[in-house]
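These numbers were taken from a predicted model, which means no experiment stands behind them. Excluded from the calculations below are hydrogen atoms, water molecules and symmetry mates; all remaining heavy atoms, backbone and side chain alike, are included. Quick note on labels: first sequence line is chain A, next is B, and so on, each numbered from 1.
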Protein chains: 2
Amino acid sequence: MLAADDLRAATLFSRLSDREIDALIPIVREQTLAKGTPLFHEGEPMDRLYLVISGWVTLFRDTNTGQRVVIRVFGPGETLAEAALFLDSAFPASGEVAEDARLVSIDRAAFERLLAASPRVATGMIASLAMHLRALTVEVEQLKTRTATERIAAFLLTCCPNGRKARSTFELPYDKSLIAQRLGMQPESLSRNLAKLGCHGISIDRNRVTIDDPKVLENALGSGTLGRLSSG
Amino acid sequence: MLAADDLRAATLFSRLSDREIDALIPIVREQTLAKGTPLFHEGEPMDRLYLVISGWVTLFRDTNTGQRVVIRVFGPGETLAEAALFLDSAFPASGEVAEDARLVSIDRAAFERLLAASPRVATGMIASLAMHLRALTVEVEQLKTRTATERIAAFLLTCCPNGRKARSTFELPYDKSLIAQRLGMQPESLSRNLAKLGCHGISIDRNRVTIDDPKVLENALGSGTLGRLSSG
DNA sequence: CGATCCACTTGACCAAAGTCAAGGCGGGTG
DNA sequence: CACCCGCCTTGACTTTGGTCAAGTGGATCG
């Protein structure tokens with residue numbers, strides 16, 4: 001069942017009072033959707049705001065040369081398209097479930113009522129947008145300065161269950177082909193570079209990853225030592 | 001002198017009433033700064049919000065491997081760092097005047113008072129953040145899917161004085177080395193690819209650019225025809 | 001239990017962009 | 001007017017990542 005904590009996990013709603021959260025619960029729609037389910041389509045006006053409870057959702061664009069660009073992949077606690085509800089022109093991207101997901105969504109009209117009624121929602125909205133902005137900023141920086149290998153290493157570190165103590169093992173959150181798109185490279189490049197990272201204490205078996213020492217990897221990333229490998 | 005219209009050019013303030021704008025004027029700081037002047041530095045808490053009236057300002061990060069990543073370049077009517085005032089941790093990037101600029105800035109405390117006092121400022125803030133988000137989304141998309149040549153062509157089109165009728169001529173807004181950074185490539189690549197674009201009806205003399213037919217260029221960009229050149 | 005499908009991997013090749021190094025051109029200065 | 005300095009351009013070469021094509025291996029289904 002949908003719990004108050006599920007909603008409060010989102011920056012957008014984190015500042016709401018218990019009372020406000022309780023009022024929210026009956027007006028949201030909760031759905032469980034299978035991998036591959038389309039949520040909304042590029043060019044259509046956006047009429048709902050989504051919050052991911054579990055699973056993963058991609059935001060992407062299909063360019064007119066046929067290739068798909070993944071803008072971002074959203075996971076638990078993240079909201080999509082709140083900006084779209086505000087700028088009311090057609091939304092420039094499509095959304096799709098990347099891994100079986102539980103989603104909560106709110107109707108545009110209901111959300112606008114909420115926004116008008118509570119200054120805390122407006123505040124949450126600003127905070128939420130600011131965080132998205134920060135995330136995209138990091139993304140741009142990575143695309144401009146890091147090699148494919150480095151972007152992969154950075155990604156694996158973010159997947160690393162927190163603590164980052166020695167020898168973390170975890171599963172990749174979604175398909176490798178999607179990871180490749182997220183990181184802005186071809187699946188072949190991901191494959192090859194993952195193999196290369198073997199020399200840096202990372203082993204991959206199917207979609208199970210083990211990082212010998214996250215701290216060491218982090219330092220190597222920061223100092224640009226990942227480039228030339230020392231064939232270990 | 002600072003005019004009400006200068007402020008209203010910013011999305012952030014565009015919805016304010018005449019009375020609110022008038023109240024704003026005495027509390028803002030106006031400055032004219034020379035190219036190269038640093039505005040704020042990465043890692044420091046951000047204490048002002050900036051609005052560019054004329055000229056250009058870069059937002060960048062110096063990575064620990066020594067290279068500079070330009071996140072974005074802000075021009076007339078654009079605001080920087082409004083998100084930073086909100087997320088109150090240290091700001092992750094530095095700012096610098098890229099071309100002699102006239103700037104307006106507002107103190108953090110004053111802006112917070114404004115935000116609390118007027119729901120229209122909050123609304124403007126959301127709209128402004130949403131636009132930044134949109135801009136960065138486009139950026140990510142371009143970096144992931146377009147070649148250097150295509151990114152340059154797209155950039156030149158955005159510089160094209162609007163109308164985009166046949167044979168537009170204009171000056172590059174800032175140094176070529178900065179344009180290269182903005183587009184995520186080396187100055188050498190920019191230089192070479194600009195030369196390549198000669199075959200597509202673009203001529204460059206020093207920093208004066210002429211586009212024979214923007215429409216044609218736009219179509220070539222959309223259909224991916226810019227890649228293989230037909231040696232014309 | 002084998003056939004098939006799909007996601008991923010691997011290999012060989014190629015094109016795009018980065019690197020390093022030298023050279024030109026203009027603008028400012030003595 | 002000659003000099004120097006920065007910015008930009010050009011050239012030769014290297015590296016990275018993309019492309020095309022074939023192969024592997026696990027899962028599913030008959």
Measure from [atom1] on [X] to [atom2] on [N] and round the result to the nearest Å.
| X | N | atom1 | atom2 | value |
| --- | --- | --- | --- | --- |
| B/K144 | C/dA16 | NZ | P | 22 Å |
| B/L143 | D/dT16 | CG | C1' | 17 Å |
| A/I179 | C/dT9 | CD1 | C1' | 15 Å |
| A/L190 | D/dT19 | CG | P | 15 Å |
| A/M185 | C/dA16 | CE | C1' | 16 Å |
| A/K35 | C/dA7 | NZ | P | 8 Å |
| B/I204 | D/dT10 | CD1 | P | 10 Å |
| A/N193 | C/dT9 | CG | C1' | 13 Å |

Pairs involving residues 213-226 of chain A, ordered by first then second residue, that meet salt bridge (Lys or Arg N to Asp or Glu O under 4.0 Å) (sequence neighbours left out):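 For residues 213-226 of chain A, and leaving out neighbouring residues, the salt bridge (Lys or Arg N to Asp or Glu O under 4.0 Å) pairs sorted by first residue read A/R164-A/E218.
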
Residue pairs passing the side chain to side chain donor-acceptor pair (under 3.5 Å) test where at least one lies in residues 174-184 of chain B, sequence neighbours excluded: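 Counting only pairs at least two positions apart or across chains, the side chain to side chain donor-acceptor pair (under 3.5 Å) contacts touching residues 174-184 of chain B are B/K35-B/D175, B/E139-B/R182.
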
Quick one: is [N] close enough that its OP1 or OP2 comes under 4.0 Å of any side-chain N or O from [X]?
| X | N | answer |
| --- | --- | --- |
| A/K176 | C/dT9 | yes |
| B/S177 | D/dC8 | yes |
| A/S189 | D/dG18 | yes |

Residue list, side chain to side chain donor-acceptor pair (under 3.5 Å) with B/R48, at least two apart or on another chain: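 Side chain to side chain donor-acceptor pair (under 3.5 Å) check on B/R48 returns B/S105.
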
Selection from C/dT19, C/dT9, D/dT19 that lies nearest to any side-chain heavy atom of A/Q186: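 Looking only at heavy atoms from C-beta outward on A/Q186, the closest nucleotide is D/dT19.
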
Which nucleotide in D/dG17, D/dT10, C/dG18 has an atom nearest any side-chain atom of B/S191: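 So the nucleotide nearest the side chain must be D/dT10.
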
Atom pair CG/CG of A/L217 and A/D212 - distance to nearest 0.5 Å: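 Output value for this atom pair is 10.0 Å.
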
If you restrict it to nitrogen or oxygen atoms, what contacts under 3.5 Å exist between nucleotides 20-28 of chain D and the protein, and what is each distance?
{"residue": "D/dC20", "atom": "N4", "partner": "A/E188", "partner atom": "OE2", "Å": "3.2"}

Selection residues 143-165 of chain B - residue pairs positive for ring-ring contact (aromatic ring centres under 6.0 Å, His included), sequence neighbours left out: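 As it turns out, there is no ring-ring contact (aromatic ring centres under 6.0 Å, His included) pair with a partner in residues 143-165 of chain B once direct neighbours are skipped.
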
Residue pair A/A153 / A/L226: nearest heavy atoms and the distance that separates them: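 It is CB-CD1, 3.5 Å.
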
Under the salt bridge (Lys or Arg N to Asp or Glu O under 4.0 Å) test, residues paired with A/D62 that sit two or more places apart: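 A/D62: salt bridge (Lys or Arg N to Asp or Glu O under 4.0 Å) contacts with A/R68.
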
